[in-house]
Amino acid sequence: MSSPIAGARDDEAGGARPRLSRGRWALVVAGLVVLTAITAWFAWGFSSQPARWQDVGFEVISPTEAEVTFDVYLYTDEPVTCYVHAMNVQYAEVGVAEVAVDPADGDEQRFTLGIPTVEQANTALVRGCAPQ
């Protein structure tokens, strides 16, 4: 059986973590403030977008056509244009299309859009939506 070192406190006995100095605590707090600011900046940027989209699926119709289905959620009263693209197995863009989204048709809309392609596509996705 081992006995503690004479005159040693419990927190100095083997295995205890050392306490942080005031300078180290200041660095920890500063790091947390910076991380919180970065998170808030990204959240504000995403929340101020006029539209959000969600890919639902795609279908390769033929070597010269693909079809993409996606949902659009509008946060503005202005029309928005959504851009879609089809890609091959090497992630090269083989077809593009766009569709105008009218807010008069509702805040949530589903689109199925054909994309003409120059070679067989492997996938089709929404590239983005932006105000007109």
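All heavy atoms count here, side chains included; hydrogens, waters and symmetry mates do not.
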Starting at CG of Asp71, measure out to CD of Glu108 and round the result to the nearest 0.5 Å. 8.0 Å
Which heavy atom of Gly114 sits nearest to which heavy atom of Ala97, and what is that distance? O-CB, 4.1 Å
In terms of heavy-atom contacts, does CG of Asp77 have more than 12 from other residues, nucleotides or ligands at under 6.0 Å? no
Taking atom OG1 of Thr112 and atom CD of Glu59, what is their separation to the nearest 0.5 Å? 10.0 Å
Where is the tightest heavy-atom contact between Cys129 and Val80, given as atom of each residue plus distance? CB-CG1, 3.7 Å
Given side chains that start at C-beta, do those of Val96 and Arg127 come closer than 4.5 Å, heavy atoms only? yes
The reported gap from CD in Gln54 to CZ in Arg110 (rounded to nearest 0.5 angstrom) is 9.5 Å
Are Tyr73 and Val101 linked, directly or through intermediate hydrophobic residues, by side-chain heavy-atom contacts shorter than 4.5 Å (ILVMFWY only)? no
Taking all non-hydrogen atoms of both residues into account, name the closest pair between Leu74 and Ala51 and its distance. CD2-CB, 3.9 Å
Below 4.5 Å, heavy atoms only, C-beta onward: do Phe70 and Cys82 meet side chain to side chain? yes
Starting at CE of Met87, measure out to CD of Glu93 and round the result to the nearest 0.5 Å. 8.0 Å
Residue pairs meeting side-chain hydrogen bond (donor to acceptor under 3.5 Å, both in side chains), one or both in residues 113-126, sequence neighbours left out, come to Asn88-Glu119
For the hydrophobic clusters of this structure (ILVMFWY residues joined by side-chain heavy atoms under 4.5 Å, transitively), does one cluster hold both Val118 and Val89? no
Qualifying disulfide bond (SG atoms under 2.5 Å apart) pairs, either residue in residues 29-81, two or more places apart: none
Could you report the tightest heavy-atom contact between Val84 and Leu113, atom names first, then the distance? CG2-CD2, 3.6 Å
Side chain proximity check, Pro79 to Gln132, heavy atoms < 4.5 angstrom: yes
Under 4.5 Å between side-chain heavy atoms, hopping through other hydrophobics if needed: is there a path connecting Phe58 to Val72? no
How close do Val126 and Asp55 get, heavy atom to heavy atom, and via which atoms? N-OD1, 3.0 Å
Please step through side chain to side chain donor-acceptor pair (under 3.5 Å) for the pair Thr81 and Glu98, ending with a clear verdict. CA-CA 7 Å; Thr81 300; Glu98 63 182 53; 5.3 Å; no
Throw together a table of side-chain donor-acceptor distances under 3.5 angstrom for residues 21-30, partners on residues two or more places apart or in other chains.
from, atom 1, to, atom 2, distance (Å)
Ser21, OG, Arg24, N, 3.3

Partners of Thr76 by side-chain hydrogen bond (donor to acceptor under 3.5 Å, both in side chains), sequence neighbours excluded? none
So if you build clusters from Ile, Leu, Val, Met, Phe, Trp, Tyr with side-chain heavy-atom gaps below 4.5 Å, do Leu20 and Leu32 land together? yes
With sequence neighbours excluded, residues passing side-chain hydrogen bond (donor to acceptor under 3.5 Å, both in side chains) with Tyr75: Arg52
For Thr64, check side-chain hydrogen bond (donor to acceptor under 3.5 Å, both in side chains) against everything at least two apart and list the hits. Ser62
Would you give the length of the straight line joining atom OG1 of Thr36 to atom CH2 of Trp41, rounded to the nearest 0.5 angstrom? 15.5 Å
